[in-house]
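Predicted, not measured: the structure shown is a model, and the values here were computed from it. Just so you know, ligand 1 is whichever comes first in the structure, and atom 1 is the first atom listed for that ligand.
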Amino acid sequence: MPKGYYLIQNGPADSAFDLRELPSREINSSEVRIAVEGFGLNFADVMARLGQYRECPPLPTIIGYEAVGTVTEVGAAVRHVKVGERVLAFTRFGGYAEEVITDHRGVVPIPDTWSLGWATALATQYATAWYSATYITQLHPGEKVLIQAAAGGVGTALVQIARHKSCIIYGTAGSAAKIDYLRQLGVQHPINYRTTNFYDYIQQDLQGGRLDVVFDPIGGKVSRQGFKLLSSGGRMVCYGAASLTGKNNLFAKLRFALQFGFFHPIQLMMRSKSIIGVNMLKVGDYRPEALQTVMQEVVEASKSGLLQEQKTTEYPADQLATAHTALEKRQTMGKVAMKW
Ligand SMILES: NC(=O)c1ccc[n+]([C@@H]2O[C@H](COP(=O)([O-])OP(=O)(O)OC[C@H]3O[C@@H](n4cnc5c(N)ncnc54)[C@H](OP(=O)(O)O)[C@@H]3O)[C@@H](O)[C@H]2O)c1
């Protein structure tokens with residue numbers, strides 16, 4: 001029987017997961033069964049483990065948004081993938097497993113030559129970046145773009161897309177090694193926020209000018225400052241709340257919420273600024289065709305070379321706790337993937 005890593009309790013990674021047999025079940029007509037070679041980690045998984053992710057199903061549960069493997073069975077209505085094909089699958093949880101069953105609209109065939117890390121990065125991190133940068137904000141050449149947590153998985157993907165669109169990029173990260181990595185990626189203004197105040201740096205650099213687009217997965221005060229730097233016609237995408245990590249008590253949560261500041265539609269209208277929330281789970285739930293299009297476009301953009309393989313750290317699956325802890329402690333760059 002195939003097995004999977006169940007999240008059995010919230011807290012430190014060492015005691016959070018347990019490898020258990022998966023229940024067997026039939027697939028329905030629109031589903032695909034996949035024998036998994038490996039799966040990816042996302043920061044949302046850390047939030048889920050810490051009990052800070054609202055969407056996480058009740059425990060025990062298997063989390064994980066993406067898996068790469070070989071199709072072993074397809075439902076009667078599935079046309080675009082065949083048994084025996086290597087595929088990338090967006091899973092609405094259930095990814096940390098040797099076998100995955102998921103809706104066919106989240107499944108895309110991929111070349112055998114693609115590394116596990118590269119392929120897993122595409123389902124969630126590149127799809128999020130692609131959806132945010134092309135559909136939501138429609139980056140234009142020459143626009144000045146701030147990418148927070150730019151050395152991470154989504155951040156790297158956003159940098160590649162913004163580079164392709166000839167944008168001027170301000171990218172923040174929290175260590176000297178990450179700043180080197182951002183330089184290699186072609187970020188014109190890598191900012192180590194531990195040594196340089198990003199708000200002051202950008203204000204000074206723009207000499208009274210403003211940003212066109214802000215990508216913000218941090219939240220709180222960082223979002224408020226990003227919004228202040230935004231010009232008229234500017235767009236800010238909020239897609240995460242990393243600064244909430246580990247803040248479990250009510251007071252800390254309230255403080256986090258207040259730190260965003262207050263926005264009013266009249267204020268947005270008068271200044272012609274946009275704030276847009278992105279949650280790919282909801283896109284998958286309510287616009288599965290949109291998710292399918294985004295995943296197909298991301299795979300095509302990778303084949304054409306528009307998107308390039310990003311830095312990956314690959315761990316054996318039995319080192320799940322180590323990998324989770326590294327992601328939580330901000331020690332990772334690019335994608336983290338687990339191999340069975
Ligand atoms: N809304 C969506 O649909 C969606 C989809 C995918 C991802 N996301 C969000 O996008 C963000 C990036 O996801 P990812 O999987 O690619 O992760 P990641 O960026 O590879 O890892 C998270 C990074 O966030 C930075 N960070 C800033 N404050 C942090 C804090 N308090 N605790 C921990 N890390 C902090 C760290 O980079 P530095 O060391 O440079 O600070 C860390 O390496 C996450 O916030 C995630 O929840 C949202």
Asker: Can you tell me how the ring of Tyr201 sits relative to the ring of Tyr170, calling it parallel under 30°, perpendicular over 60° and tilted otherwise?
Answerer: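 Ring orientation of Tyr201 relative to Tyr170: perpendicular.
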Asker: Any N or O of Glu328 that comes nearer than 3.5 Å to an N or O of ligand 1?
Answerer: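 Between Glu328 and ligand 1, no N or O pair is found under 3.5 Å apart.
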Asker: Do the ring planes of Tyr65 and Phe93 sit parallel (below 30°), tilted (30 to 60°) or perpendicular (above 60°)?
Answerer: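 Aromatic pair Tyr65/Phe93 classed tilted.
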Asker: So, is Lys178 polar-close to ligand 1, with some N/O to N/O distance under 3.5 Å?
Answerer: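 Between Lys178 and ligand 1 (N or O atoms, distance only) the closest approach is under 3.5 Å.
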Asker: Just by distance, no angles: are the side chains of Glu297 and Tyr135 close enough, under 3.5 Å, to form a donor-acceptor pair?
Answerer: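 Yes, side-chain donor-acceptor contact under 3.5 Å.
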Asker: Please check whether Arg330 reaches ligand 1 - meaning an N/O of the residue sits under 3.5 Å from an N/O of the ligand, judged on distance alone.
Answerer: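 There is such a contact, yes.
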Asker: Do we get Arg20 above Tyr6's six-membered ring, with its NZ or CZ under 6.0 Å from the centre and within 45° of the axis?
Answerer: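 Yes, a cation-pi geometry.
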Asker: Is any N or O atom of Gly174, backbone or side chain, closer than 3.5 Å to an N or O atom of ligand 1?
Answerer: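 Yes - when backbone and side-chain N and O of Gly174 are compared with those of ligand 1, one distance drops under 3.5 Å.
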Asker: Pull out every atom of ligand 1 sitting under 4.0 Å from any heavy atom of Pro217, numbered as shown with elements.
Answerer: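 In order of numbering, the contacting atoms are 10 (O), 11 (C), 45 (O).
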Asker: Can you pull out the closest protein heavy atom to atom 13 (O) of ligand 1? Residue, atom name and distance to 0.1 Å, please.
Answerer: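 Checking every protein heavy atom, the shortest distance to atom 13 (O) of ligand 1 gives Phe43 CB, 3.7 Å.
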Asker: Regarding ligand 1, does Ala241 bring an N or O atom to under 3.5 Å of one of the ligand's N or O atoms?
Answerer: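 Min N/O separation from ligand 1 is not below 3.5 Å for Ala241.
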Asker: Using a 3.5 Å cut-off on N or O atoms only, is Val154 in polar contact with ligand 1?
Answerer: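 Yes: some nitrogen or oxygen of Val154 is under 3.5 Å from one in ligand 1.
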Asker: N/O to N/O below 3.5 Å, does that happen between Thr172 and ligand 1?
Answerer: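 In this structure, Thr172 places no N or O atom under 3.5 Å from an N or O of ligand 1.
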Asker: May I ask you to check if ligand 1 and Thr124 share an N or O to N or O distance below 3.5 Å?
Answerer: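 In fact, backbone or side chain, Thr124 has no N or O that close.
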Asker: Report yes if Val278 has an N/O atom closer than 3.5 Å to an N/O atom of ligand 1; otherwise report no.
Answerer: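 Between Val278 and ligand 1, an N or O pair is found under 3.5 Å apart.
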